[in-house]
K.L.:
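First the structure, then my questions, so here it is.
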Amino acid sequence: MNIILLGPPGAGKGTQAKILVAERGMVQLSTGDMLREVRASGSELGQRFGEMMDRGDLIPDGMMIEMIDARLDEPDCKNGAIFDGFPRTNAQAIALDEMLQRKSLPLKAVIELTVDEESLVGRITGRYSCAKCGAGYHEEFQRPAVPGVCDTCGHQDFKRRPDDNEATVRDRLEVYRRDTAPIIPHYEAQGLVQRVDGMAEITEVEGAVAAILDA
């Protein structure tokens, strides 16, 4: 079972992907992570990626598909893959379709986590984490039980991601609308798109995603 998770930054794609990995044995294929892993592998493809990344070049779609194609052949992908961060354009979507068809690996669904953008800005800009163990918190929704003390490890230093500010978040939302959202009609034409309220509680989103996969 293979799916694509779509949604703007902060919609909860990473959280839901982790749940699917833990509960269904699926593999999260994050292209950013894959690029770093392939580069570190020392393979011929990794060396080619490394040279391009060092120059600041964009990785061509064909090379991205080549990387994903090889990754899908690995044994841990037998229970299915979650595509996260790819495809981002219509050209990539078409190339992915062709590759999956060649490998007889159909997509089960393209799940878009929909959001209210104003609420999402508040969700992202309010989050922070323990500087020691990484436990996540939020100024409004999830504060430590004891103010200033991590619930998990007792550490008293916290940090925020430098890009979790309003201006950056709004820029990322605009990039999603401009660059990634246009691929949705491509998958709607195939009857694959399912929408889930990404602003709901995590367990509610999890249940809605599970219902789609089990249908």
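Just so you know, these numbers come straight off a predicted model, no measurement behind them. Residues take their numbers from the sequence shown, with the count starting at 1.
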K.L.:
Would you check if D171 and V175 make a side-chain contact, meaning some heavy-atom pair closer than 4.5 Å?
P.N.:
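They are not in side-chain contact.
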K.L.:
In this structure, would L20 and L29 fall into the same cluster of hydrophobic residues linked by side-chain contacts under 4.5 Å?
P.N.:
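No; tracing contacts between hydrophobic side chains, which count when under 4.5 Å, never links both residues.
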K.L.:
Using a distance-only test with no angle check, is there a side-chain donor-acceptor pair under 3.5 angstrom linking N165 and T168?
P.N.:
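Per modelled atom types, N165 and T168 side chains form a pair under 3.5 Å.
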K.L.:
Within this structure, what is the CG-CZ distance for the pair L100 and F83, rounded to the nearest 0.5 Å?
P.N.:
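Interatomic distance, L100 CG to F83 CZ, rounded to 0.5 Å: 5.0 Å.
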K.L.:
Is the number of heavy atoms from other residues, nucleotides or ligands within 6.0 Å of CD (Q101) greater than 12?
P.N.:
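No - once you tally the heavy atoms of other residues, nucleotides and ligands closer than 6.0 Å, there are 12 at most.
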K.L.:
For a quick test of your reading: what N or O donor-acceptor pairs under 3.5 Å do the side chains of residues 104-113 make, sequence neighbours left out?
P.N.:
| from | atom 1 | to | atom 2 | distance (Å) |
| --- | --- | --- | --- | --- |
| K108 | NZ | A215 | O | 2.8 |
| E112 | OE1 | R195 | NE | 3.0 |

K.L.:
Do P8 and L120 touch side chain to side chain, with heavy atoms closer than 4.5 Å?
P.N.:
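In contact.
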K.L.:
Closer than 3.5 angstrom, by distance alone: can the side chain of T114 be matched with the main-chain N or O of V196 as a donor-acceptor pair?
P.N.:
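Checking the backbone N and O of V196 against the side chain of T114, a donor-acceptor pair under 3.5 Å is found.
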K.L.:
Tell me if a side-chain donor or acceptor on D151 pairs with a main-chain N or O of A145 at a distance below 3.5 Å.
P.N.:
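Checked: pair present.
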K.L.:
Could you give the distance from NZ (K132) to SG (C150), rounded to the nearest 0.5 Å?
P.N.:
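K132 atom NZ to C150 atom SG measures 9.5 Å (nearest 0.5 Å).
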K.L.:
Is it the case that one hydrophobic cluster holds both V121 and Y137, taking links as side-chain heavy atoms less than 4.5 Å apart, direct or via other members?
P.N.:
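Cluster IDs for V121 and Y137 differ.
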K.L.:
Charged N to carboxylate O under 4.0 angstrom, E140 versus R127?
P.N.:
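No, this pair does not count.
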K.L.:
Rounded to the nearest 0.5 Å, what's the gap from CG on L35 to CZ on F86? Could you check?
P.N.:
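Going from the CG atom of L35 to the CZ atom of F86 covers 10.0 Å.
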K.L.:
Give a yes or no on whether I82 and L192 share a hydrophobic cluster (residues Ile, Leu, Val, Met, Phe, Trp, Tyr; joining criterion: side-chain heavy atoms under 4.5 Å apart).
P.N.:
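No: no chain of side-chain contacts under 4.5 Å links I82 to L192.
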K.L.:
Any chance you could measure F49, atom CZ, to E37, atom CD, to the nearest 0.5 Å?
P.N.:
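Going from CZ on F49 over to CD on E37, the span is 12.0 Å.
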K.L.:
List in chain and number order the residues that pass side chain to side chain contact (heavy atoms under 4.5 Å, CB included) with A211, two or more places apart in sequence or in another chain; answer none if no residue qualifies.
P.N.:
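With sequence neighbours excluded, A211 shows a side chain to side chain contact (heavy atoms under 4.5 Å, CB included) to no residue whatsoever.
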K.L.:
Does the Q92 side chain pair with the main chain of R88, one donor and one acceptor, at a distance under 3.5 Å?
P.N.:
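Checked: pair present.
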K.L.:
Salt bridge (charged side-chain N to carboxylate O under 4.0 Å, His left out), that's the test. Do E174 and R170 meet it? Break it down for me.
P.N.:
CA-CA 6 Å; E174 175 59 30; R170 292 192 184 280; over 6 Å; no
K.L.:
Considering all heavy atoms of both residues, which atom of R177 and which atom of P182 are nearest to each other, and what is their separation?
P.N.:
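In terms of heavy atoms, the two residues are closest at O-CD, 3.4 Å.
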K.L.:
Counting only N and O atoms by type, is there a donor-acceptor contact under 3.5 Å from the side chain of R123 to the main-chain atoms of S119?
P.N.:
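Flag not set: sc R123 to bb S119 has no pair under 3.5 Å.
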K.L.:
Taking only residues two or more places apart in sequence, or in another chain, which ones meet E201 in a salt bridge (Lys or Arg N to Asp or Glu O under 4.0 Å)?
P.N.:
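With sequence neighbours excluded, E201 shows a salt bridge (Lys or Arg N to Asp or Glu O under 4.0 Å) to no residue whatsoever.
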K.L.:
How far apart are the C-alpha atoms of Y128 and H138, what are their side-chain angles, what is the distance that settles it, and do they pass the side chain to side chain contact (heavy atoms under 4.5 Å, CB included) test?
P.N.:
CA-CA 6 Å; Y128 59 100; H138 193 279; 5.6 Å; no
K.L.:
Between D76 and R71, is a side chain to side chain contact (heavy atoms under 4.5 Å, CB included) present by the stated rule, with each step listed?
P.N.:
CA-CA 9 Å; D76 61 342; R71 182 68 179 87; 2.8 Å; yes
K.L.:
Is it the case that one hydrophobic cluster holds both I65 and Y187, taking links as side-chain heavy atoms less than 4.5 Å apart, direct or via other members?
P.N.:
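Same cluster.
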K.L.:
If you count the non-hydrogen atoms of other residues, nucleotides and ligands that lie under 6.0 Å from NZ in K159, is the total more than 12?
P.N.:
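No, NZ of K159 has 12 or fewer neighbouring heavy atoms, counting only those of other groups under 6.0 Å.
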K.L.:
Can you name the closest pair of heavy atoms from N79 and R24 and give their distance?
P.N.:
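Answer, listing the atom of N79 first, then R24: CB-O, 3.7 Å.
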K.L.:
Quick one: do T152 and C130 satisfy side chain to side chain contact (heavy atoms under 4.5 Å, CB included)? Show the steps, please.
P.N.:
CA-CA 9 Å; T152 302; C130 174; over 6 Å; no
K.L.:
Distance check, rounded to the nearest 0.5 Å: I3 atom CD1 versus L5 atom CG?
P.N.:
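Here the interatomic distance stands at 4.5 Å.
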K.L.:
Is the backbone of T125 close enough, under 3.5 Å, to the side chain of R160 for a donor and an acceptor to pair up by distance?
P.N.:
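Confirmed, R160 side chain pairs with T125 backbone.
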K.L.:
Just by distance, with hydrogens left out, do D97 and Q190 show a side-chain donor and acceptor under 3.5 Å apart?
P.N.:
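Side chains of D97 and Q190: pair found under 3.5 Å.
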K.L.:
Same hydrophobic cluster for I19 and I212, using side-chain heavy-atom links shorter than 4.5 Å among ILVMFWY?
P.N.:
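In one cluster with I19: I212, no.
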K.L.:
What's the separation between atom CG in D69 and atom CD in E98, rounded to the nearest 0.5 Å?
P.N.:
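The CG atom of D69 sits 12.5 Å away from the CD atom of E98.
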